[in-house]
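Notes follow once the structure below has been shown.
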Amino acid sequence: MALGDLMTSRFSQLSLAVSNHVMDGNGSNGDYLEDAASADMASQRRDFDTASTSSYANAVASTATVPTTMAYLPQTIVLCELRHAAFEASTPTGPSDSGLVSKWRPKDRMKTGCVALVLCLNISVDPPDVIKISPCARMECWIDPFSMAPQKALETIGKNLRDQYERWQPKARCKVELDPTVDEVKKLCNTCRRYAKSERVLFHYNGHGVPKPTANGEIWLFNKSYTQYIPLPISDLDSWLRTPSIYVFDCSAAGMIVNAFIELLDSGTSSYPGSARDCILLAACEAHETLPQSAEFPADVFTSCLTTPIKMALRWFCTRSLLHESLDCSLIDKIPGRQNDRKTLLGELNWIFTAVTDTIAWNVLPHELFRRLFRQDLLVASLFRNFLLAERIMRSANCSPVSYPMLPPTHQHHMWDAWDMAAEICLSQLPALVEDPNAEFQPSPFFTEQLTAFEVWLDHGSEHKKPPEQLPIVLQVLLSQCHRFRALVLLGRFLDMGPWAVDLSCQVDLVKDGGHVYFIRFLNSVEAYPEQRAMAAFVLAVIVDGHRRGQEACIEAGLIHVCLKHLHSSMQNDVQTEPLFLQWLCLCLGKLWEDFTEAQIIGLQADAPAICAPLLSEPQPEVRASAVFALATLLDIGFDSFRDGVGGDEECDDDEKTRAEIIVIIKSLLNIVSDGSPLVRAEVAVALARFAFGHKQHLKSIAAAYWKPQSNSLLSSLPSLANINGTGSGNIVSSQIGPLIRVGNDNSSVVRDGRVSTSSPLATAGVMHGSPLSDDSSQHSDSGILNDGIGNGVIRHSRSKPLDNAMYSQCVPAMCTLAKDPSPRIATLGRRVLSIIGIEQVTKSVKSAGSSSARPGEPTTSSTTPSFAGLARSSSWFDMNGGHLPLTFRTPPVSPPRQNFLTGMRRVCSLEFRPHLMNSPDSGLADPLLGSSSGVSERSLLPQSTIYNFSCGHFSKPLLTASDDSEELLAIREERERFALERIAKCQHSSVSKLNNNSQIASWDTRFETGTRTALLQPFSPIVIAADESERIRVWNYEEATLLNGFDNHDFPEKGISKLCLLNELDESLLLVASGDGNIRIWKDYTVRGKQKLVTAFSSIQGHKPGVRSLSAVVDWQQQSGYLYASGEISSVMLWDLDKEQLINSIPSSSDCSVSALASSQVHAGQFAAGFVDGSVRLYDVRAPDMLVCATRPHTQQVERVVGIGFQPGLDQGKIVSASQAGDIQFLDIRNQRDTYLTIDAHRGSLTALAVHRHAPIIASGSAKQLIKVFSLEGEQLGIIRYQHTFMAQKIGSVSCLTFHPYQVLLAAGAADACVSIYADDNSQTR
């Protein structure tokens, strides 16, 4: 990953003179010298391996001036993506229905199906408990009841009220009862409930013509002759209407009814058990209050606020506005337009009012209450929005509306001021609009101003502050074409602030409204940008995620074929397709196929495995992991499609087609079992677990033979697990692994075409599960893989039909590879896969059994139990969590497993055999443990994929703005660059003074019991890092002489650490730790005690030679190219691209001997040198067609292994230093390949270490005879270090490692006696 133009442009400002080391000074190296700038550009393009030049000289020759700063300060940064943040810490998540649905979205929508209107007006007869003033309020539903005959007035008022409610809920059935009796009301309520069924019923009561409600909670009705007022208890009303229901009481002392209703609910005497759950009440005033009688209000002011809010709000506002003198209030009835047309004055006012009241409610109400009242039922939401207006208007008349549930006060919210202003602006236009119907209406600036307020919050707000109160308004204006673009931009900025602002629970709504069709069409649009199409694929993946109706709808719309078409075309084009698009196409397909057999069949018939398989070699790990996920979901097909017997010929053909596709998938997955990215390997492990679950009986058969603890072990007849044949494909499972057909020299067939020979040792239960053959307790162990599955010599399969045995025989070693993965999380997944096929690994950490001394920052483990390398057989991995008591054998089993086929499997303290209950047949995964649990519940316990949820995080991160710390990181890097260039110049131009015992500036007793294996000096802080044979790592500040941190590289150290490297040393550096077995682990925050985190881990060496017990891995890191070179007891050098986290080439070493030393050029990307055990040296360049540049044998006096090799300082890529164990140091120049131009006989037969300074003309060598010698590049001896600088003048131990500081003349030396010493020349000490 390059830092880009900003980084590059700074180099023109750096004017430090950094020279090129040309040893002969005659400038004749033009034939070989390379333009480092073009090399750097080439490294960024990553196209070394595609060089098509005819010769190596043509590939690299250039005579241009070298911009040395670009060569010395590499711009490549690796392993800093989102996937590296906390892979090991993250835990696999379950199915997506475990919490994605947001809490704000109600689980079930509701609507009001029936409205019962009861008006008790008794026009012209006042109730006895009311004394009216004169003039007093008269209007009912905006009609003066005394302007016409009483009966006609009553009917007209009833009709108006029904019309007002139907405007809010057109589909609801409205029934009106005028001055009714109790029986009429009862009949009305029962009819409404019967019609509404489970929907809500609204009961509206106007009691202006009857007495106030009683303290017992009774409302008044009439007798048939209207001579008496008849009480109706609220309990009766509740028993008739039941739930869900909403009541509106418009009468004086209406709070009495609310109080009585609450008492009814609290006492539990409500006739319907669900009453407390969903009953809502709206009342016009408190229990002690009387309705306003002022003539400025209508008599039913509460009802008017609820059903005609705009008219009521404007009339009330008009009397209080500055417009009241110039505006005739009667014009309010003539406001032009329709409420649902936003382009008219009435529609604009209604829209603004809705936005204001919604915003007030969203900001004031508790979230749960807001969801219930404003997001569940449209009519209820409208009534409560209007209830906020009623509270504002009626409180001005000393009357307080009440509700159940009770709302916080809202009448003084500042958003009412925004409403008043908007209303005034609209009303000021009213006279002109009424006078001239053609006059143009000027929209209110309300929404523009609210968007501006929202923008101000975005500039200064955060998730830790109060949310923006304008958010409901922003969502509303998305419906307006004139405001939509700005609202989308602002909403995008808001969503960009983090996952707390994002919700993914829209899948039901999108499918219901046909939204998926729009996104599929957009996905299929070639004109759209790939990033936008990736977002469309993301939305579609969300729609189908765990949502069967969404899956079905998208399949009907042809989404599978659309995705496969674009994946196929991306593979055909030479142009690189947007990785995010490929990633989400795969994830979308995987979610379509997940747990949906019909969709999987469609995918297999469309050759989906063949289309997805090429994506497994894509450079982006996220794409590879997503492709694995998609392929893994197709493996479920084996669970159902093969369950029944074969039907007709057509079914048989389909089975064969499916089986062939499954084999394609498995072969593709086996190719990337050792992928460089843990993200990918985790998905492979999950995929193999699904496969193992569907085919566990067959895999158990193979596994039993594979782990059979006999001398004629089947494993010994297997070829090596990994044979890389130099194609760069990264295949790790050799195609040479054939079917497991024979055991040792036994001529009887064991497993062939699904048959088992009962005479074979394989059919013996005791052998198969590896229990002690001579122990009677073996009958209580696993009852055998095939005991219950063999009849007449033929295996009976309860689930899927078998693939060919060769396929299974390749799967078992691959599963073992995952179980030994250097990533703890992958290894755990791998062990779960093994346990599915009956191999359970029982391990305990074993470290230095005799060790007892506690070490700071490190776990202490000790054991006196003999350790056996092995795996215990177990019938299923559920046993680990089951209720069976473990039966533990403290002695090893008879014929313990051999070491050779357990290489790398961890040591164990005991083998615990976990038996089944007696006489329990081995039925596979669940056994009697899960009782009657279904196959679905068994599968739910399989490891879960994490790539989908991980990928969703991309859309939960800021996409529009850069990270806040980017400027700070650039400043740190620029400071380090200046420091580095200044020190490089000093190293090159200053003469190095003597280095000897007096030069020691620090000495550190690491307390390593096995001595120091390797060490590393940090470039920009006084820190030295050391490691030992047991893979303990310690970090020490040598200026303050304090231990900063200590930790174990992993829990089962065996091979020792062969190399420590710093990645991204000019930025936030990472510590690469290479183990002797080739496993690579990379750590961050390693200098802080207890805070170290594993960034990534992988196995760098694959396909070792047969019979090799120790790999003796050698590695080196090249920052310019982002390449890691690894070799050892193998016939090639593995080339890893850490940016891609991928093996991109396997370079043949062109030698029968193994590589013993490896060094990469720190200034020329793609170039490295290798020393071999026969004393030969080879120079390679990955840009050259043959890659091997030259081969020479400089160590001729005495053939010994090359101990150390390195490139000489400077930009001259032709000069190498090589040291052999015999003690001679050879200086090579590839311009004269046959001879060395300088030889130093440094040590006699005991050279153990070599260090070459990156920039200063100095090298150092160490010997087993307790000596360190320092030489110049001309061969002059600059110093000799004989004794450790202590008061006892004790000799140092055998020198085990030497390393120079990259930018200063500092030498760190590690010895076999666990001491690390640091030496500095005089110039360095005086700086």
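What's counted below: heavy atoms across the whole structure, side chains too, no hydrogens, waters or symmetry copies.
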### Query
Does the side chain of I1258 reach to within under 4.5 Å of the side chain of S1272, using non-hydrogen atoms?
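They are not in side-chain contact.
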### Query
Side-chain contact, heavy-atom cut-off 4.5 Å: D1139 with T76?
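A side-chain contact is absent here, since even the closest heavy-atom pair is not under 4.5 Å.
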Working to the nearest 0.5 angstrom, can you tell me the gap between [X] [atom1] and [Y] [atom2]?
X: L669; Y: N671; atom1: CG; atom2: CG; answer: 8.5 Å
X: S668; Y: L631; atom1: OG; atom2: CG; answer: 6.0 Å
X: L1070; Y: L1094; atom1: CG; atom2: CG; answer: 11.0 Å
X: L73; Y: I984; atom1: CG; atom2: CD1; answer: 5.5 Å

Classify the side-chain pair [X]/[Y] by whether it contains a donor and acceptor separated by less than 3.5 Å.
X: T1239; Y: D1224; value: no
X: Q1118; Y: S1121; value: yes
X: Q1119; Y: N1064; value: yes
X: S1131; Y: S1149; value: no
X: S677; Y: D675; value: no
X: E1129; Y: S1154; value: yes

Please check this pair: side chain of [X] against backbone of [Y], looking for a donor-acceptor N/O pair closer than 3.5 Å.
X: S1100; Y: G1078; value: yes
X: S1296; Y: G1310; value: yes
X: E1031; Y: S1075; value: no
X: S1127; Y: V1155; value: no
X: H1243; Y: A1222; value: no
X: R1178; Y: S1150; value: yes
X: D1186; Y: L1188; value: no
X: R624; Y: E618; value: yes
X: H1164; Y: L1211; value: yes
X: T1248; Y: G1262; value: yes

### Summary
Which of Y1303, F1300, F1207 passes ring-ring contact (aromatic ring centres under 6.0 Å, His included) with H1253? Answer is F1300
### Task
Indicate yes or no: does E1065 engage R1254 in a salt bridge with an N to O separation below 4.0 Å.
yes
### Query
Ion pair present between R976 and D1067, side-chain N to carboxylate O less than 4.0 angstrom?
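Salt bridge between R976 and D1067, a charged N being under 4.0 Å from a carboxylate O: no.
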### Summary
On a heavy-atom basis, the closest approach of A1159 and G1206 is CB-CA, 3.8 Å
#### Entry: For L1247 against S1220, the heavy-atom pair lying closest together
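So the two residues come closest at CB-O, 3.4 Å.
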### Task
Could I get the full list of side-chain contact (heavy atoms from CB on, under 4.5 Å) partners for T1299, not counting sequence neighbours?
A1015, A1308
### Message
Aromatic contact between F1098 and W1136, with the criterion being ring centroids under 6.0 Å apart: yes or no?
### Response
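Centroid distance F1098-W1136: below 6.0 Å, so yes.
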